[in-house]
Amino acid sequence: MNVYFDNAATTAMDDRVIEAMLPFMKNHFGNPSSVHSHGREVRTAIERSRKKVAELLNASPSEVFFTSGGTEADNTALVCGIESHGITHAITSPLEHHAVLHTLEVLEKKGKITLSILDVNETGEIDLNQAEELLKANPKSLISLMHANNEIGNLNDLTRIGELAKTHGAFFHSDTVQTMGHYVHDMKTLPVDSIVAGGHKFHGPKGSGFLYVRKDKKIHPFIHGGAQERNMRGGTENVIGIIGIAKALELAYEDMAGHQAKIEAIKRHFIEKLLQEIPGVEFNGLSADFDRSLYTVLNVSLPPSAANSGMLLFNLDLEGISASGGSACSSGATVGSHVLRALNHKPERDSVRFSFSRFNTLEDVDYAVGKLKDLYLVEA
Ligand SMILES: Cc1ncc(COP(=O)(O)O)c(C=O)c1O
């Protein structure tokens, strides 16, 4: 059996997304910047996709910019948000994705900002009182806090953070890569200045993404060149990626509650089975708390086991189960997770992130927990 439980890394594409993209690989190949009919038909399709994304976000098409993914969108919002709004200080947390953390660290090294990293407790909850004090003390601030953490699933209260940011005149960016397509983002009511998406996290194509920037918080372009994306991002558009991400988001919104119910049932079953079968199992962060974590992520902390120490993901892989541990480094080996480190996770325990999609089944869970149990019963 083959089980894919690494949907926070990437998801399988939905066939309907592929079908929507195909005509733009085969027939509609024009350059959208060309003024002839071949170009115009592709330009129209791009603008239709932008309108669709904007409608789903309850935003204006002029607030949506297509990018190559979440990383580029985060970089654009942070680098250009800071530069365009005269920001001298940024606040973030140690649990952010490197797309945010490394970008802010580079800006600090270049002397463009000072950087404050918030304290977190051992379940990964952020100290928002500390954030408020920092916002009060630093009038030209940007605060960047993700909606949901990609490793432990902790959800941040974007409304509360947004209100704090508003009160103190700060720019609020949120990395929403893990929640786009899984929760409704209504930009008329959500007090966030910029959010982002990566299409491959919700059954769209890899290398597709978008950045939303609120109309009254306009930022300078990140990539200079042609006039594409209304001068915000030079370069011939990734047409099939744009068609694909808009279709994927449309499908996600079509039955979001249904998908959520299905995935929550899978996560609930997983937790129950693990508690039954593996004595001493624990869950990292808030990932077993259904009200305060992303329903697609479960981060499991397993008791020390000589047989599996450091080899657990490899052993699961041999059984056809794809899951993940810390962030993958370029050599393919896993390096210690900066998120688990910030939570003071005990190094003698193995941690595995299982992450789900609407394509998973309860049988997948039974298979994975059965194999996990076998691996745990093996004597070293
Ligand atoms: C929270 C978060 N931010 C940003 C990214 C980067 O997104 P992309 O792969 O689309 O560049 C990821 C991908 O894992 C993520 O989980």
Side-chain angles (χ1 to χ4, degrees), residues 4-13 17 53 64-79 81 92-106 120 124 126 144-156 158 161 173-183 185 192 194-212 222-223 233 238 240-242 244-246 248-249 252 284-287 293-299 322-330 332 334-335 337-340 342 353-357:
Y4 186 75
F5 276 147
D6 203 12
N7 290 281
T10 198
T11 56
M13 279 177 70
V17 172
V53 170
V64 176
F65 305 94
F66 290 111
T67 67
S68 65
T71 301
E72 184 192 316
D74 277 329
N75 271 261
T76 306
L78 296 172
V79 173
T92 192
S93 106
L95 310 181
E96 292 291 308
H97 191 273
H98 285 147
V100 167
L101 268 180
H102 287 173
T103 305
L104 290 175
E105 283 164 9
V106 166
V120 295
I126 289 162
S144 183
L145 291 172
M146 65 207 318
H147 190 190
N149 184 272
N150 46 303
E151 293 192 37
I152 52 174
N154 287 24
L155 283 166
N156 283 323
L158 297 190
I161 300 162
H173 172 67
S174 184
D175 178 344
T176 49
V177 164
Q178 290 292 340
T179 55
M180 189 62 66
H182 302 299
Y183 293 86
H185 295 90
V192 187
S194 52
I195 62 170
V196 297
H200 68 116
K201 308 289 190 186
F202 49 95
H203 308 292
K206 289 165 188 59
S208 70
F210 62 77
L211 164 67
Y212 158 92
F222 187 55
I223 297 177
R233 181 183 190 262
N238 172 10
I240 50 174
I242 291 172
I245 193 172
L249 196 64
N284 290 316
L286 300 171
S287 73
S293 75
L294 179 59
Y295 56 87
T296 54
V297 167
L298 182 65
N299 197 311
S322 296
S324 92
S327 30
C329 77
S330 50
T334 55
V335 292
S337 148
H338 71 281
V339 172
L340 295 183
R353 177 189 70 181
F354 295 97
S355 50
F356 319 115
S357 83

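One-based numbering, in listed order, for ligands and for the atoms of each. The model shown is predicted, which means the values in this text are computed figures rather than measured ones.
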Participant: In terms of atom number and element, which parts of ligand 1 are under 4.0 angstrom from non-hydrogen atoms of Gly69?
Facilitator: 10 (O)

Participant: Is the closest N or O pair between Thr71 and ligand 1 shorter than 3.5 Å?
Facilitator: yes

Participant: Counting C-beta onward and ignoring hydrogens, is there a side-chain heavy-atom pair between Asn7 and Thr296 closer than 4.5 Å?
Facilitator: no

Participant: Applying a heavy-atom cut-off of 4.0 Å, say which part of Met146 lies close to ligand 1: side chain, backbone, both or neither.
Facilitator: side chain

Participant: Mind checking whether Tyr183 and Tyr295 have parallel, tilted or perpendicular rings, split at 30° and 60°?
Facilitator: tilted

Participant: Work out whether the distance between some heavy atom of Lys201 and some atom of ligand 1 is less than 4.0 Å.
Facilitator: yes

Participant: Using atom types as modelled and distance alone, determine if a side-chain donor or acceptor of His338 lies under 3.5 Å from a backbone N or O of Glu96.
Facilitator: yes

Participant: Among protein heavy atoms, which lies nearest atom 10 (O) of ligand 1, and at what distance?
Facilitator: Gly70 N, 2.8 Å

Participant: I need the nearest protein heavy-atom contact for atom 9 (O) of ligand 1: residue, atom name and distance, please.
Facilitator: His200 NE2, 3.1 Å

Participant: Looking only at protein heavy atoms, identify the closest one to atom 16 (O) of ligand 1 and say how far it is in Å.
Facilitator: Gln178 NE2, 2.8 Å

Participant: What's the shortest distance from atom 15 (C) of ligand 1 to any protein heavy atom, and which residue and atom give it?
Facilitator: His97 CD2, 3.3 Å

Participant: Out of curiosity, Thr179 OG1 to Leu158 CG, how far, rounded to the nearest 0.5 Å?
Facilitator: 7.0 Å

Participant: So, Ser174 and His147: side-chain donor and acceptor under 3.5 Å apart, yes or no?
Facilitator: no

Participant: Among protein heavy atoms, which lies nearest atom 3 (N) of ligand 1, and at what distance?
Facilitator: Asp175 OD2, 2.6 Å

Participant: Which value, rounded to the nearest 0.5 Å, describes the distance between Thr176 atom OG1 and His182 atom NE2?
Facilitator: 11.0 Å

Participant: Could you tell me whether the side chain of Asn299 and the main chain of Glu151 form a donor-acceptor pair under 3.5 Å?
Facilitator: yes

